[in-house]
Amino acid sequence: MEAVPQAVDPQRVAQHGEAVMRLVDEIFPLVEGFYVDLHRNPELSHQEHRTSRAVAEWLSRAGFEVASGVGGTGVVGVLRNGPGPTVMLRGDMDALPVEEKTGLPYASTARGVDSEGNEVPIMHACGHDVHTACLVGAADLLASTRERWSGTLMIVAQPAEEMIDGAQGMLRDGVYERFGRPDIALAQHVGPQPAGLIAHRAGVILGAGATLRVRVFGSGGHASRPHNAIDPVVIAASIVTRLQTVVSREIDPADSAVVTVGVLRAGNKANIIPDEAYLEVNTRSFDERVQRRLHAAIERIVRAEAAASGAPREPEITLVQQAGVTRNDPAHTAALAAAHRAYLGDAYVVDMPEPFTGSEDFGDFGLSDGPDPVPYVFWFIGGTPHDVWNAAPGSTPYEKLAGVPGNHSPFFAPDREPTLRVGLAALTLGALTYLGHTSPRPPAETATAGHPSLLGEPSAPVPAPAGESVVEEEPELDSTRDADMAALLAEEDPADEGRADEGRADRAGLPQEPPPPPTGPTRGTDTGPGRPPTGPQQPVGPQPPTGPAFPAPPPSGPPVAAPPPASGEDPLSDDLPYPYRE
C-alpha cells in the first residue's frame, strides 16, 4: 500500500492534544472506575464476555458504530468523521490464570475454568485492564472533540492475546473486510518503566515466540525392576539437559535466543515407571530464521534421545502457539515519538536501545506475510510506582528493571493514575498524529449521520439513548464500579502505591531519577509567543472543557465473583514481600 503520511507535524499534534486532553478530568474518574472494575472482574482468554459487553456499550454510547462477537469475543467500533485516513487503535482484554497477591482493596479473587477444564484463579497480571480502559477512554475523548480531527477512527478490543491467537481469530473473521482496512495500526502495553513514561523503539521491539508440546513414550513397569522397562522420565530428563546446549552451541553468539522447558510431567507414584512423559518447550528470538533453527534443533534432540533409549514409538511434537516478531515501522515510530515528545516533553519519552524478548500477536494485524502490509507501531507505557522504582535494588536502570514486579507476576499492580493518564494521552496523540488537521473545523462539519452502520442500522452521531444498546440484552446486575469509585475517590489509599512490571529484557533507556508522574491534564512548558508545548508536564490552568464527555455505562451481565478484602484487612501486611512493605 502507499505510504501513510502523518497528517500534521508533531508541534501541531501537541496543540490538538492539549485541546483534547482538557476533557480528561471529566472522563478520568469513569476511566479509572472502569479499570478498577475490570481488574476486580478479570476473564480468561476466549471468555471475555462481560468485558466485551462493557466495551461495546461504552463505544456505542460515544457514537461509534459497534459490532461484537468478532473473532469470538472481540469488539470493533468505527467512528467516521469526514475525509482522511483510517487509524486503528487496538487494546487486548484477557487475563491470566494467576492468583493475585497485591493486597490491593480491589484485588481479584475470581476463579474460573481454563481451556483444559482446570479450575484456576484469575488475575489481570499483564495490564490488559489498563489497555482496555485507556482504549475506551481515548475513544471517548476523540469522539467528544471531532472538530479537532478528520478521518475514520477504528477501535479494536481484542480477545485472547495471552493465547497468541486472538488477532488471527479476528482476521479470520474478516475484521478488515467487514469494517475497513486501516492505514495505520497503533497499540501500547504497560511496561516496567517508571509510571508516566513512554518507551519507543523503531524496528524490532518484541521477539518471536512459540510453544511446542512434546510427548515421549516408554514402557512402564515396577520401579524395582527398571531393566524390564523403558523409562520416559529419563528420556525427558535427557531432553531437558540437552536442550540447554542449543543456544550456547548452535546459535550464533551475535543472535539472541531463549529455550525454556516450562512444563514437565510424568508418572503419579514413586514405585511405578510410567508409560510416557509430557513437556512444553517455549522459544524466543528476534529473527524468524533463528526461530526456525531453534525448532529444528528441538525436534532433532527429542527424536534422538527417544531413539537412544529404545523408545517403543516415535515422540509426538506439536507446535501449539506461535507469534512472529513485532517489528515497528521506523518512519511511523519516529513520527509518534516526536508527537509524544512535543506534548509530554523529552523527560517523559525514552528510546529502548534493545528489544524485549516477550511476544505479542498485535503484529498479525500488520499482515507482514502478505503483499500489502499494514504499517503499525507498538510502544510501552511505564507502570512502576516511583517509590517502588527508587527502592528497587541496583544503581542503573537495567538493574532496577530486573528488581521490580512485572508482567505475569502475582504482585503486578501499575500505579493507577499516572499509568492511565499517560496511556490515555499516548493513544489519543497517536490517533491525532494522523487524523489531526491544520485548522479546527466548526462542529457542524463533524456529523456522522448517513454512514451505514456496522450492524446494518443507521449510525448515530450522538450517544445511544439510555437503556438502548447494540449488544444483546442480558439481566443487568450491580457493577462494582460505583462502589469501588466511592471508596477510591473518598481518600487516598496507601495500597495505591502499587507494584508494577518487572520485565528484564526490555532494557528501556531510562533516566536514573525518573520525572515525577503526571497527576492531571498536562501540557508542555511555553517556550515563547506562539510556540507549542515542548517541555515537561505541568498542570493545565483553569480552562473550560471544549465539550461534554460521554458517560461510561456500567458493565452489564453477571460479574465474576470478586468480593473485596475482609473489613479491617491490611492491604500492605507484613506477609507481602519486598518491595511492597515499607
Side-chain angles (χ1 to χ4, degrees), residues 38-54 68-75 92-101 107-126 128-129 132 157-170 172-173 209-218 220 232-233 236 240 260-270 272 274-283 302 313 315-323 359 361 407-410 412 472 474 477 555 557-563:
L38 294 178
H39 188 87
R40 201 169 197 164
N41 298 286
E43 295 174 299
L44 294 172
S45 302
H46 298 296
Q47 301 179 29
E48 309 93 335
H49 304 290
R50 181 180 185 272
T51 304
S52 64
R53 283 196 301 270
S68 300
V70 182
T73 51
V75 179
D92 38 14
M93 301 184 291
D94 53 330
L96 287 160
V98 173
E99 183 175 2
E100 182 160 357
K101 298 179 181 179
S108 168
T109 59
R111 299 188 68 83
V113 178
D114 66 15
S115 59
E116 297 182 355
N118 303 310
E119 183 180 347
V120 294
I122 312 174
M123 176 193 174
H124 267 298
C126 200
H128 296 189
D129 46 355
T132 302
Q158 179 201 311
E161 185 279 330
E162 297 293 352
M163 301 297 289
I164 310 294
D165 62 2
Q168 280 296 331
M170 297 189 82
R172 285 194 299 270
D173 202 10
T211 297
L212 297 92
R213 291 178 178 169
V214 176
R215 292 177 67 195
V216 293
F217 302 97
V233 177
V240 172
T260 300
V261 179
V263 177
L264 175 56
R265 293 196 297 264
N268 53 31
K269 203 170 188 301
I272 300 175
D275 286 327
E276 63 180 65
Y278 175 82
L279 306 89
E280 289 188 7
V281 186
N282 189 261
T283 65
V302 168
R313 53 182 287 197
E316 296 178 356
I317 306 169
T318 307
L319 179 65
V320 293
Q321 286 184 357
Q322 185 166 20
S359 300
D361 65 351
N407 302 71
H408 296 213
S409 163
F412 179 83
E472 182 179 351
E474 295 194 18
L477 301 183
V560 179

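As the structure is a prediction and not an experimental result, all values here were calculated from the model.
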Trainee: Nearest 0.5 angstrom please: Gln158 CD to Thr73 OG1, how far?
Mentor: 9.5 Å
Trainee: Let me confirm one number: the CG-CZ distance from Asp275 to Arg313, rounded to the nearest 0.5 Å.
Mentor: 10.0 Å
Trainee: Applying the side-chain contact (heavy atoms from CB on, under 4.5 Å) test to Leu279, which of Val263, Leu264, Leu212 qualifies?
Mentor: Leu264
Trainee: Using modelled atom types only, decide if a donor and an acceptor are shared between the side chain of Asn118 and the backbone of Val120 within a distance under 3.5 Å.
Mentor: no
Trainee: For the side chain of Glu48 and the backbone of His46, is there at least one donor-acceptor N/O pair under 3.5 Å apart?
Mentor: yes
Trainee: Are any of the side-chain nitrogens in Glu43 or Arg50 under 4.0 Å away from the carboxylate oxygens of its partner?
Mentor: no
Trainee: Please confirm whether the backbone N or O of Glu161 pairs with a side-chain atom of Asp94, one donor and one acceptor, at under 3.5 Å?
Mentor: yes
Trainee: For residues Ala95 and Ile122, report the shortest heavy-atom separation together with the two atoms involved.
Mentor: CB-CG2, 3.8 Å
Trainee: Give me the atom names and distance for the closest heavy-atom approach of Ala210 to Leu319.
Mentor: CB-CD1, 3.9 Å
Trainee: Below 4.5 Å, heavy atoms only, C-beta onward: do Asn268 and Pro274 meet side chain to side chain?
Mentor: no
Trainee: If you define the side chain from C-beta out and look only at heavy atoms, does anything of Gln322 sit under 4.5 Å from Ser359?
Mentor: no
Trainee: Output yes when a side-chain donor or acceptor of Asp114 lies under 3.5 Å from a complementary backbone atom of Glu119, and no otherwise.
Mentor: no
Trainee: Just wondering, do Arg111 and Pro121 contact through their side chains at under 4.5 Å, heavy atoms?
Mentor: yes
Trainee: Please name the pair of heavy atoms, one in Ala266 and one in Val233, separated by the smallest distance, quoted to 0.1 Å.
Mentor: CB-CG2, 3.7 Å
Trainee: Do you know which two heavy atoms are closest between Pro97 and Leu44, and how far apart they sit?
Mentor: N-CD2, 3.8 Å
Trainee: Taking the side chain as everything from C-beta on, heavy atoms only, tell me whether His124 gets closer than 4.5 Å to Ser108.
Mentor: no
Trainee: Can you name the closest pair of heavy atoms from Ala160 and Asp361 and give their distance?
Mentor: O-OD2, 4.2 Å
Trainee: Taking all heavy atoms of Ser45 and all of Met163, pick out the closest pair and write down the distance.
Mentor: CB-CG, 3.3 Å
Trainee: Let me confirm one number: the NE2-CE distance from His49 to Met93, rounded to the nearest 0.5 Å.
Mentor: 10.0 Å
Trainee: Any donor and acceptor pair, going by atom type alone, linking the side chain of Thr132 with main-chain N or O of Asp92 inside 3.5 Å?
Mentor: yes
Trainee: Rounded at 0.5 Å granularity, tell me how far CZ in Arg213 sits from CD1 in Ile317.
Mentor: 14.5 Å
Trainee: Any side-chain heavy atom of Met123 sitting closer than 4.5 Å to one from Lys101?
Mentor: no
Trainee: Rounded to the nearest 0.5 Å, what separates atom CD in Gln321 from atom CG in Asn282?
Mentor: 8.0 Å
